[in-house]
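Written below as structure tokens is the structure these notes are about.
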Amino acid sequence: MNKILTLVLATILLSCNNQSNNVDVLNIYSKRHYEVDKNLIEKFEAENNIKVNVVKASSDELIERIKTEGENCPADLLITVDAGKLYKAANENLLQKININEISTNLKDELIDPNGFWIPMTYRARIIAYNPLTVNPDELSTYEDLTNIRWRNRILVRTSTNAYNQALLSSLLAHHGEEYALEWSNKLVSNFAREPKGNDRDQVRAIVSNVGDIAIVNSYYIGLLQSSSDSMDRKVGESVNVFFPNQSENDRGAHVNISGIGLLRNAPNRDNAFKFMKFITSEYAQEYYTNNSFEYPVNKKVKPSETIKKWGEFKIDTLDLNELGIKRKQAVEIFEDSKWN
Ligand code: FE
């Protein structure tokens with residue numbers, strides 16, 4: 001008995017040793033900081049025998065780091081929560097083109113980079129959460145209508161330094177031009193219920209505390225609140241309804257953004273990077289995301305989770321998501337001009 005045990009142990013030790021000698025690696029620079037990513041990365045590591053190293057920081061910090069490291073940059077992939085930042089990385093010549101068909105043939109067409117520099121990983125809508133006790137949903141219609149005097153002192157939204165708001169204003173700039181976007185931002189500021197502060201979840205909490213009646217937030221935060229381990233947050237999540245703006249027949253649809261991945265120009269572990277991109281867009285990973293982070297799946301074969309299905313189907317704005325990067329600088333200037341802090 002003891003002999004067998006010793007032999008088994010020796011075999012295990014040897015195989016561990018072998019693995020560590022030629023262990024494959026993948027290096028990711030990521031803006032995402034969610035538990036779901038960690039779990040999926042662990043599964044990927046176990047299935048592929050690849051050690052994944054993740055460096056987390058803001059997208060701008062990661063882009064700066066990639067530039068500084070230059071040809072010695074150890075990273076293979078850049079993950080952001082905003083197509084605008086991937087556009088920025090591509091525009092600074094930090095990314096290499098990806099043949100999307102090598103990754104998956106099932107990705108939603110509207111979310112594919114026409115320039116081929118990034119792939120979508122999940123997507124989310126910037127929605128209006130509202131208090132059903134004080135807001136009749138018939139009064140809600142479009143992002144444009146949020147400037148209506150009807151919403152005076154009733155709108156909650158975070159600061160303009162946030163990339164989600166910058167992306168939303170970039171989309172309005174792309175659709176309506178500078179003059180309109182400035183007027184929209186000015187009028188929206190005069191409808192704020194309070195000086196912008198806190199994150200998206202805090203805006204929803206402020207609805208329930210009756211600070212305001214409607215909040216501009218990313219869709220998955222409603223799912224995260226509703227399924228939170230904190231009973232107060234669950235109550236907050238269940239006290240608000242979700243409205244998708246710009247849904248009328250002739251309108252363009254709700255503003256969406258992606259979490260996405262770019263392959264770095266000098267990626268040292270290119271094959272492993274491709275394996276990872278295939279894995280993360282697979283039906284397995286996409287189902288895991290929609291069920292746990294309440295984001296929308298980018299794989300056409302995967303249905304949104306039960307939680308987010310309850311909010312209903314919606315039309316998405318099919319604007320080229322690179323516009324969210326192209327218009328970014330202008331959007332930031334408009335925010336400054338309109339005193340959206
Ligand atoms: Fe977020």
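This chain uses plain numbering: 1 for the first residue, then up along the sequence. Remember, it's 1-based here, ligands and their atoms both numbered in the order they're listed.
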**OP:** Hey, could you give me the OG1/NZ distance between Thr281 and Lys301, rounded to the nearest 0.5 Å?
**Re:**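 Interatomic distance, Thr281 OG1 to Lys301 NZ, rounded to 0.5 Å: 12.0 Å.
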So that I can tick it off, tell me whether [Y] and [X] are bridged by a salt bridge, with the cut-off set at under 4.0 angstrom between side-chain N and carboxylate O.
X	Y	result
Lys43	Glu47	yes
Asp82	Arg328	yes
Lys329	Glu333	yes

### Query
Which residues and atoms, counting only protein N, O or S, are under 2.8 Å from the Fe ion (ligand 1)?
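Per the 2.8 Å query on the Fe ion (ligand 1), atoms found are Tyr164 OH, Tyr220 OH, Tyr221 OH.
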Take Arg158 and Asn165 through the side chain to side chain donor-acceptor pair (under 3.5 Å) test and state the conclusion after the steps. CA-CA 8 Å; Arg158 69 201 290 178; Asn165 286 335; over 6 Å; no
**OP:** Using the six-membered ring of Tyr289, assess whether NZ or CZ of Arg32 lies under 6.0 Å from its centre and within 45 degrees of the ring axis.
**Re:**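 The answer is yes; both the distance and angle limits are met.
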